[in-house]
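Here's the structure we're looking at; comments come further down.
The basis for the numbers below is simple: all heavy atoms, side chains too, and nothing from hydrogens, waters or symmetry mates. Chain identifiers are assigned alphabetically (A, B, ...) following the order of the sequence lines, protein sequences preceding nucleic acid strands; residue numbering begins at 1 within each chain. As the structure is a computational prediction, the values presented were derived from the model and not from experiment.
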Amino acid sequence: MKIAIASGKGGTGKTMVATSMAAALAPIHNIQMLDCDVEAPNAHLFLNPTINEIKPASINIPTIDYEQCILCGQCVDICEFNALALLGDKIEVFEQLCHGCGSCSIHCPVNAITETPRKIGELKFGTFNKNRPFLFGELTISEPMSTPIIRQLKSNMKDDVEVTILDSPPGASCSVVATLHDADYVILVTEPTPFGLHDLKQMIGVISETGSLAGVIINRDGIGDSAVEDFLSKNGYPILMKIPYQENIAEGLASGKLLIDIIPEFEDAFLNLYEMIKEQIHEEIYH
Amino acid sequence: MSSLNKVVKELVILSGKGGTGKTSITAALVHLASQSPTKSIFVDADVDAANLALVTSAEHLEQHDFISSKLAQIDPERCNLCNECYEVCRYDAIELPTEANPTYRVIDLLCDGCVSCVYSCPQSAIKMIDQQDGVWFFSSSPYGPLFHAELFPAAENSGKLVTLIRQRTKQFAENNGGHPLIIIDGPPGIGCPVIASSTGVDLALLVAEPGLSGSHDLRRVVQTLEHFQIPQVICINKANLYKKGVEEIKYFAEENNIQIIGELPFDTSIPKAMVQSKPVTVFSPNSPASNEIKKLWEKLQKILFD
Amino acid sequence: MIIVISSLGKTLESPPNPRFGRTEFFIKYNSEDNTWEALENPAVTQRGGAGIAASQFLVNHNISAAISGHFGPNAYSALNSAKIKMFTFQNNYETVSDVIQAYEQNSLEEA
């Protein structure tokens, strides 16, 4: 079972929810944690995993073998991303534009193109809470493409766990889709403000594309108005939990504490939330 | 030199971590700019979660489609079920035939828009279809003209959309005059849309939130901007929530030779202004946050134009 | 010698375009016989890598030099590989012909 934590707007408390849920479940349930926010990964700052393996995340870029190349230019025509150009007697490769799709090498008429990995980030594997797997990715500074790292991170997920928690990047575009397209349940975190409502609507648009089950956690309850709640009740999305706005929470999180350590009552709340989500997924399957 | 060619400066607001207060500060700066000789045009470059129009009561003057990506589509009439497309696709975007649906299909959400399958198909049964990925707007607000956009949920090419609206803004600024500054509200993170919103700008204002996550993400955005040689200054937001974090940011800034030009307290007038859809400097002009943002604006003008 | 200038319009009287990769037009000018023609830039609608696509387009036109306001790193590298010289102009030219004149007087900066 995969549960993803997402939000359209940044800074609504995704990582707070994901890390506290992971920490609450870890002593009892066989879980693994994945931080898919590879541009700004933060979950490890709260769960302090022991990292025991680091692998490069890479995409395969073309290398031209000029012994074979007949300078026909087919690869240049095929490349949808303009990562190749035929310049004089040379095919130039523009690495940062390459998506690693392999079209050029697969379709080269004289097999003159081989592919070499180019590192665009790192995958870090470790454990937290003694032996629960913790995986996260990190985009190399100045590299534009985070989605391939998310895909590679997910391909390293363990299958023999009861539940996987995925902390998603913010937003509603490709990197978010790569994180949650195969999730069984998506927890959307929002705040009760016009910004929160606007960005929540974007996320509900994503959920309707991926077809996942979803519910909403309202964070910083009390700072805004009731528009988010009105919208949710009108559209039939459940409110899973409300986390109040309190200065001691903000301060505790800033210092690297988990929500369940700042307010211990939330530990039971997350355990109950998990049971409820599990039930809902089963109902969906056997219905 | 004619007035057409007057140099227009660009300021981008970034943070790495989301939710540090970029948009609230941008809205206040835009309001202050409208009251000063440094009139601005502003851009919401957070196209995944575009909120600047909400807080500036913007009204759409123009709306344009953003057609950018292409997705593969298989014609089931021509497909001879040879499996070639499935073999070449690196994005798991080809769905195999099932009893219920005995054809090969492209999963739009996973298709990257490369044309590998198109070239692999012996039946020429696969075509690339243009997709509309979003819309972009030119709007007017009480604080000046605004360019903004909405990427459709689950769409691609946010970086391209950012580049497009920045270009339109620049063209508008160059053709109309009277707006010496473009203020860009940036997206969170450090990847494609962040790079697209900051290439070639004159200054980046980083809104830093004290704390473990804030410091970690600030470091990554600073390194990214350094790589692209973009001058940067820092403004600390919610400074009184976590004193130790403020010290960390100051130490980091000094180490990296970045000036800290503002320190905003956590102030409930900011979320209250947001709920009222107003810049904080309009909603509560003498609140602690507003007073600090006014000082920040004076310093930014000096750095940009002196 | 054949040169191109990125241009906002289709004539010698059009304002030069400071953008290279996504310029709407190039004015192709032959300094031997003073003939010129306007080329529509196919890269203007490209999703990404417009600088490279525009460079590839110009390489296919056998030019010796390209003139624009600014060349991005990819365009620079592509034109450089193809041994095409690059010159830049500041904002102080009203028309493409002014830029050509400046080029012929060697007053443009080589990129």
Completion exercise
Rounded to the nearest 0.5 angstrom, the NE2-CD1 distance for His227(B) and Ile141(A) is 10.0 Å

Handout entry: Per-residue contact mode, Pro188(B) against chain A (heavy atom under 4.5 angstrom)
Key = both

Handout entry: Region of Lys243(B) that comes under 4.5 Å of a non-hydrogen atom in chain A
Key = neither

Completion exercise
Rounded to the nearest 0.5 angstrom, the CZ-CZ distance for Arg151(A) and Arg90(B) is 11.0 Å

Problem - Pick from Gly113(B), Ser15(B), Gly214(B), Ser158(B) with the largest number of heavy-atom pairs that fall under 4.5 Å of chain A - result: Gly113(B)

Exercise for the section: Heavy-atom pairs under 4.5 Å with chain A are the metric here; pick the option from Asp112(B), Val221(B), Thr20(B), Val88(B) that has the most. Expected result: Asp112(B)

Completion exercise
The reported gap from CG in Asp77(A) to OH in Tyr119(B) (rounded to nearest 0.5 angstrom) is 6.0 Å

Fill in the blank from the handout: If one checks every heavy atom of His99(A) against chain B at 4.5 Å, the contacting part turns out to be both

Problem - Interface moiety of Ser255(A) toward chain B, non-hydrogen atoms closer than 4.5 Å - result: both

Exercise for the section: Count the heavy atoms of every other residue, nucleotide or ligand shown that sit under 6.0 Å from CZ of Phe228(B), and state whether that count exceeds 12. Expected result: yes

Handout entry: Residue part contacting chain A, namely of Glu226(B), when any heavy atom lies under 4.5 Å
Key = neither

Problem - Options Thr224(B), Val194(B), Asp133(B), Leu109(B), ranked by heavy-atom pairs under 4.5 Å with chain A, top entry - result: Leu109(B)

Handout entry: Heavy-atom contact with chain A under 4.5 Å, split by part of Leu151(B)
Key = both

Completion exercise
Whatever's closer than 4.5 Å to a heavy atom in chain B on Glu138(A) counts as both

Exercise for the section: Look at Lys70(B), Lys238(B), Glu150(B), Lys17(B) and state which one has the largest set of heavy-atom pairs under 4.5 Å with chain A. Expected result: Glu150(B)

Problem - Leu139(A) portion near chain B, given a 4.5 angstrom heavy-atom threshold - result: both

Problem - Contacting region of Leu54(B) [heavy-atom separation from chain A under 4.5 Å] - result: side chain

Problem - Under 4.5 Å from a heavy atom of chain A, the part of Leu110(B) involved - result: side chain

Problem - CG-OG distance between Asp48(B) and Ser175(A), expressed to the nearest 0.5 angstrom - result: 7.0 Å

Handout entry: Interchain contact, Ser7(A) with chain B, by part (heavy-atom threshold 4.5 Å)
Key = neither

Completion exercise
When rounded to the nearest 0.5 Å, the distance separating CD1 of Ile106(A) from CD of Glu87(B) is 10.0 Å

Problem - Ser120(B) versus chain A, the contacting section by heavy-atom distance below 4.5 Å - result: both

Practice task
Report the distance from atom CZ of Arg220(B) to atom OG1 of Thr140(A), rounding to the nearest 0.5 Å.
Solution key: 8.0 Å

Exercise for the section: Would you name the heavy atoms of Glu156(B) and Cys174(A) that are closest together and state the gap between them? Expected result: CG-CB, 3.8 Å

Handout entry: Side chain to side chain, Val115(B) and Ile78(A), heavy atoms closer than 4.5 Å
Key = yes

Handout entry: Smallest separation among heavy atoms of Cys114(B) and Ser103(A), with atom names
Key = SG-OG, 3.8 Å

Exercise for the section: Using a heavy-atom cutoff of under 4.5 Å, enumerate the residues of residues 37-48 of chain A that contact chain B, numbered in order, or state 'none'. Expected result: Val38(A), Glu39(A), Ala40(A), Pro41(A), Asn42(A), His44(A), Leu45(A), Phe46(A)

Problem - Contact class of Val176(A) relative to chain B, heavy atoms under 4.5 angstrom - result: neither

Problem - Interchain contact, Glu143(A) with chain B, by part (heavy-atom threshold 4.5 Å) - result: backbone

Completion exercise
Applying a strict 4.5 Å limit to non-hydrogen atoms, the region of Ser142(A) in contact with chain B is both

Problem - Residue, of Gly191(B), Gly211(B), Cys89(B), Gly21(B), that accumulates the most heavy atom pairs under 4.5 Å with chain A - result: Gly191(B)

Completion exercise
Among His107(A), Lys9(A), His181(A), the residue with the most heavy-atom pairs under 4.5 Å to chain B is His107(A)

Completion exercise
Under 4.5 Å to a heavy atom of chain A? For Ser213(B) that would be both

Practice task
Name the option with the most non-hydrogen atom pairs under 4.5 Å to chain B; the candidates are His198(A), Glu209(A), Glu251(A).
Solution key: His198(A)

